[in-house]
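In what follows, a structure is listed as structure tokens, so that the remarks can point back to it.
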Amino acid sequence: MTAIPHTQPSDAASALPKIRPGKPYPLGATWDGKGTNFALYSENASSVELCLFDEDGNETRVPVREQTAFVWHGYLPSVNPGQRYGYRVHGEYAPEEGLRFNSNVVLLDPYAKALDGTERFEKGVFGYVPGGSDDVMQTDEQRGAPLGIVVDPGFNWVGDAKPNVPFHQSVIYEAHVKGLTMTHPEVPEALRGTYAGVATEPVIKYLKDLGITAIEFLPVHQHLDDPFLLDKGLTNYWGYSTLSFFAPDVRYSAAARRGDPAGAVPEFKNMVRALHAAGIEVILDVVYNHTAEGNHMGPTLSFKGIDNPTYYRLVAENPRFYFDYTGTGNSLNVRHPQTLQLIMDSLRYWVTDMHVDGFRFDLASTLARGLHEVDQLSGFFTIIHQDPIIGQVKLIAEPWDVGEGGYQVGNFPVNWAEWNGIYRDDMRAFWQGEGGLARDIGYRLTGSSDLYQNDGRKPYASINFVTAHDGFTLRDTVSYNDKHNDANGEGNQDGHNDNKSWNCGAEGETDDPAVNALRRQQQRNLLATLLLCQGTPMILGGDELGRTQGGNNNAYCQDNEISWYDWANIDEELLAFTRKLIALRKAHPALHRRKFFSGRTIRGEDVSDIVWLRFDGQTMSDEDWYNPQTQSLGMFLDGDGLDDVDAQGNPLRDDDLLLLLSGTYIDLPFKLPDLDSCGEWELVLDTSDDHAEESVKAGEETTLRGRSVKLYRCKRT
């Protein structure tokens, strides 16, 4: 989908009724059933023209003369849904002062709810003359930015009920709208890779049967495909280069493919409604830390040409340049009230109008930055905390950026959950056989109390994951020691080098049965510890199917079979195992507590809710926790020690549970605890054997295979 063609301005302005004063709020284009109000913020502009385009691309310019508190506004009674529009913003072009106005550039409204296509670089997107410095202002027409479309906000939400799954009961599934459905044989071909494709019955049934409670989509805000990728025949598949914070990306719209780009809005709403009907929440991965306009040599598509100093963090001593805490060229200026309002308006829109249930904030540390430091009490978090709408949805931070002091795992405010990168690293290292991690694993299994307990948060603040879109898939984590990113065209220099992965004895695909058996077991180990410990688990979509990217750990630019699900080659046994794990987690409240354990969470003396055991059945000591040779442990959970109630206020009880795990390659005789309330332990799960059955009398031994997990239960007598 591309933007409509543009021609020279028409003289049709005389056919339009006079523009009325209109209102400064809401910002953007707002249709009221009779006409449309247009409002654009720019405190440094000298004048603004609204540009209306007909179906043939002919432009009509309408001067916007009213200005209230730096908002330029006007009302046109004849403008209805479907109208394409942009802006020409006049002012000084002085890059050395941070000003980049150029009325030769048609700009996208930051508040546009729908776009008419994607960017067209051949139509011009630069405020300066490319090929030299940015000092020389562009004088040729630049019409490569997509246009906004006036939308009808109406939608029949009757019957839609948000699932409102409590955080501690959530199981999150990270997926890409396109990758999830692009090769699905039961999704109609015209709907594959789209919002409508996700809403089809086969996909909804699959997600529901899997047992997940929320799907976290990679960015769906309209993004830009960078020229350096297009030149290599690649695209920005992940979409972490936002162009519009309000418009669902037309790339994932079946309606847009049919020639109706504005149809992306109701199509997205239909998808949300279908997922809600299945009890599945929708969480969006959002990128409010930077935009697609890049650094001082980047394109001028919207914010940069509307009011550069308002929207971007500029270097005070040389405002030609941008602060870059993201590695993408710029950082949004969240210290400015208008930029904060833009973000909050966007978030509220996706909750109120699009009915999403939460957000995962990319590089969230950038949003917290004051001057050069990360400030936990920055204006952004204060506003979020006080907002009656945004403060009530799920808020998840990626708690780092690329700037100094940007790694902030464990430091976000109350009401925020965090991607726990420490959890990922500790669990991967443990299952590789690295010693000296017993104490860390104890913390990770119990919700990372070392990170979250002392600031008023709960175990579910820890979003536990072992894989995510950025990095190896689960199968590749146990199949590759090194990244293999040659397809990205960057000489394998991109992507992380330290993956904490282990190929189990052979690099990549192999026919060696012993290596494949170990890989099979290691995948189950990582999934088992993820889904059987405290905190909120997040599964990388496709891991349950055995999805591989061929060792590519940075598939951000691979909109092809490298990234798409391979529905024709599903690991059915791994899928069944994952479903079983999720069902076990949901069935046992002891595995998803709302509260941290009341005793000493690492040393288990004199506690009733949790006890830590050595393989000889003895309680673990300080020496055991710090012993680099300790590579196995048992975690006993008392079913009567939950100290919690259900939704009706009744005391919660569960079976006594015993989780055994061993990161060593040696088989161990593990003595099961002898309790007055339990005479026999029933095996529930064994990562070394999907079909294992076993009952062990209390006080007797079981064989814990090398590199494996066992879960037992004992119904209370």
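Residues: numbered from 1 along the sequence shown. This structure is a prediction, so every number in the text was calculated from the model and none was measured.
Between the side chain of Gln549 and the backbone N or O of Phe472, no donor-acceptor pair lies under 3.5 Å. Proximity of a side-chain donor or acceptor of Glu216 to a complementary backbone N or O of Leu284 within less than 3.5 Å is not detected. Without hydrogens or angle criteria, Arg88 side chain to Ser103 main chain gives a donor-acceptor distance under 3.5 Å. Side-chain atoms of Ser448 never come within 3.5 Å of backbone atoms of Asp450 as a donor-acceptor pair (strictly under, hydrogens ignored). Without hydrogens or angle criteria, Gln142 side chain to Lys123 main chain gives no donor-acceptor distance under 3.5 Å. Between the side chain of Arg320 and the backbone N or O of Gly98, no donor-acceptor pair lies under 3.5 Å. Side-chain atoms of Ser346 do not come within 3.5 Å of backbone N or O of Phe246 as any donor-acceptor pair. With hydrogens and angles disregarded, a donor-acceptor distance shorter than 3.5 Å links the side chain of Thr36 to the backbone of Val79.
Looking at Asn497 and Lys483, their side chains do bring a donor and an acceptor atom within 3.5 Å of each other. In this structure, a donor-acceptor pair under 3.5 Å is present between the side chains of Glu267 and Ser253. Side-chain N/O atoms of Asn420 and Glu418 include no donor and acceptor closer than 3.5 Å. In this structure, a donor-acceptor pair under 3.5 Å is absent between the side chains of Gln138 and Asn102. Looking only at atom types and distance, the side chain of Asn330 has no donor-acceptor partner in the side chain of Thr328 under 3.5 Å away. Residues Asn289 and Asp362 bring a donor and an acceptor atom of their side chains to less than 3.5 Å of each other. Residues Asp486 and Asn492 have side chains that never bring a donor and an acceptor to within less than 3.5 angstrom of each other. Judged by distance alone, the side chains of Asn488 and Asn552 do bring a donor and an acceptor atom under 3.5 Å apart. Under 3.5 Å, the side chains of His221 and Ser244 contain no donor-acceptor pair of N or O atoms.
Less than 6.0 angstrom separates the ring centroid of Phe361 from the ring centroid of Trp416. Ring pair Tyr195/Phe268: centre-to-centre distance below 6.0 Å. Ring pair Phe53/Tyr85: centre-to-centre distance not below 6.0 Å. Checked against a 6.0 Å centroid threshold, the rings of Tyr111 and Tyr41 do not count as neighbours.
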Practice prompt. Test side chain to side chain contact (heavy atoms under 4.5 Å, CB included) on Leu224 and Asn236 and set out the steps.
Written response: CA-CA 7 Å; Leu224 176 139; Asn236 185 357; over 6 Å; no

Practice prompt. Take Thr30 and Tyr25 through the side-chain hydrogen bond (donor to acceptor under 3.5 Å, both in side chains) test and state the conclusion after the steps.
Written response: CA-CA 9 Å; Thr30 306; Tyr25 295 102; over 6 Å; no

Practice prompt. Check the pair Ser365, Tyr325 against side chain to side chain contact (heavy atoms under 4.5 Å, CB included), reporting the backbone distance first and the verdict last.
Written response: CA-CA 9 Å; Ser365 295; Tyr325 294 117; over 6 Å; no

Fill in: Stepwise side-chain hydrogen bond (donor to acceptor under 3.5 Å, both in side chains) test for Asn308 and Thr310
CA-CA 6 Å; Asn308 192 52; Thr310 290; over 6 Å; no

Item to complete: Please step through side chain to side chain contact (heavy atoms under 4.5 Å, CB included) for the pair Arg313 and Leu332, ending with a clear verdict.
Response: CA-CA 6 Å; Arg313 288 286 305 275; Leu332 274 180; over 6 Å; no

Item to complete: Go through the steps for Asn485 and Asn554 under the test side-chain hydrogen bond (donor to acceptor under 3.5 Å, both in side chains), then give the verdict.
Response: CA-CA 7 Å; Asn485 298 352; Asn554 189 34; over 6 Å; no

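Electrostatic pairing of Lys500 and Asp426 does not count as a salt bridge here, judged by no charged N lying under 4.0 Å from a carboxylate O. Salt-bridge check for Glu49 with Arg65: failed, with every basic side-chain N at 4.0 Å or more from each acidic carboxylate O. A salt bridge links Lys178 with Asp559: at least one charged nitrogen is closer than 4.0 Å to a carboxylate oxygen. With respect to Arg100 and Asp134, a salt bridge is recorded, a charged nitrogen being found less than 4.0 Å from a carboxylate O.
No side-chain heavy atom of Phe38 sits less than 4.5 Å from a side-chain heavy atom of His73. Contact annotation: the side chain of Asn44 never approaches that of Phe70 to less than 4.5 Å [non-hydrogen atoms, C-beta and beyond]. Contact of the Asp225 side chain with the Thr118 side chain is not registered, since no non-hydrogen atoms from C-beta on lie closer than 4.5 Å. Here the side chains of Pro219 and Val286 are not in contact, with every heavy-atom distance at 4.5 Å or above. In this structure the side chain of Glu281 reaches within 4.5 angstrom of the side chain of Lys394, judged on heavy atoms. Looking at heavy atoms from C-beta onward, Tyr128 lies out of side-chain contact with Asp135 at the 4.5 angstrom threshold. Using a 4.5 Å heavy-atom threshold, the side chains of Ile306 and Leu40 count as touching. Proximity of Phe465 to Leu540: side-chain heavy atoms (C-beta onward) are nowhere separated by under 4.5 Å.
Shown are His469, His290, His223; of these, the ring-ring contact (aromatic ring centres under 6.0 Å, His included) with Tyr240 is made only by His469. Partner His176 forms a ring-ring contact (aromatic ring centres under 6.0 Å, His included) with one of Tyr237, Trp238, Phe217, Tyr556 and no other, that one being Tyr237.
If you take OG1 on Thr339 and CZ on Phe303, they are separated by 8.5 Å, rounding to the nearest 0.5 Å. Distance check, rounded to the nearest 0.5 Å: CD of Glu96 to CZ of Phe321 gives 11.0 Å. Here the OH-CZ distance, from Tyr452 to Arg457, works out to 6.0 Å after rounding to the nearest 0.5 Å. Here the straight-line distance linking atom OH of Tyr311 with atom CD of Gln338 works out to 4.5 Å at 0.5 Å rounding. Expressed to the nearest 0.5 Å, how far CG of Leu243 lies from CD of Gln222 amounts to 6.0 Å. We find the CG-CZ distance between Asn333 and Phe323 to be 10.5 Å, quoted to the nearest 0.5 Å.
Scanning both residues, Pro319 and Glu97, for their nearest heavy atoms gives CG-C, 3.7 Å.
For Lys113 and Tyr349, the positive end sits near the middle of the six-membered ring, less than 6.0 Å away and at most 45° from its axis. By the 6.0 Å and 45° rule, Lys23 does not stack over the aromatic ring of Tyr75.
Taking the salt bridge (charged side-chain N to carboxylate O under 4.0 Å, His left out) definition, one finds that Asp425 meets it with nothing, sequence neighbours left out. With sequence neighbours excluded, no residue forms a ring pair (Phe, Tyr, Trp, His ring centres under 6.0 Å) with Phe359.
Below 30°, between 30° and 60°, or above 60°: for Phe381 and Phe412 the angle between ring planes is above 60°, a perpendicular geometry.
Heavy-atom contacts from other residues, nucleotides or ligands closer than 6.0 Å to CZ of Arg348 number more than 12. Atom NE2 of His90 has more than 12 heavy atoms from other residues, nucleotides or ligands within 6.0 Å.
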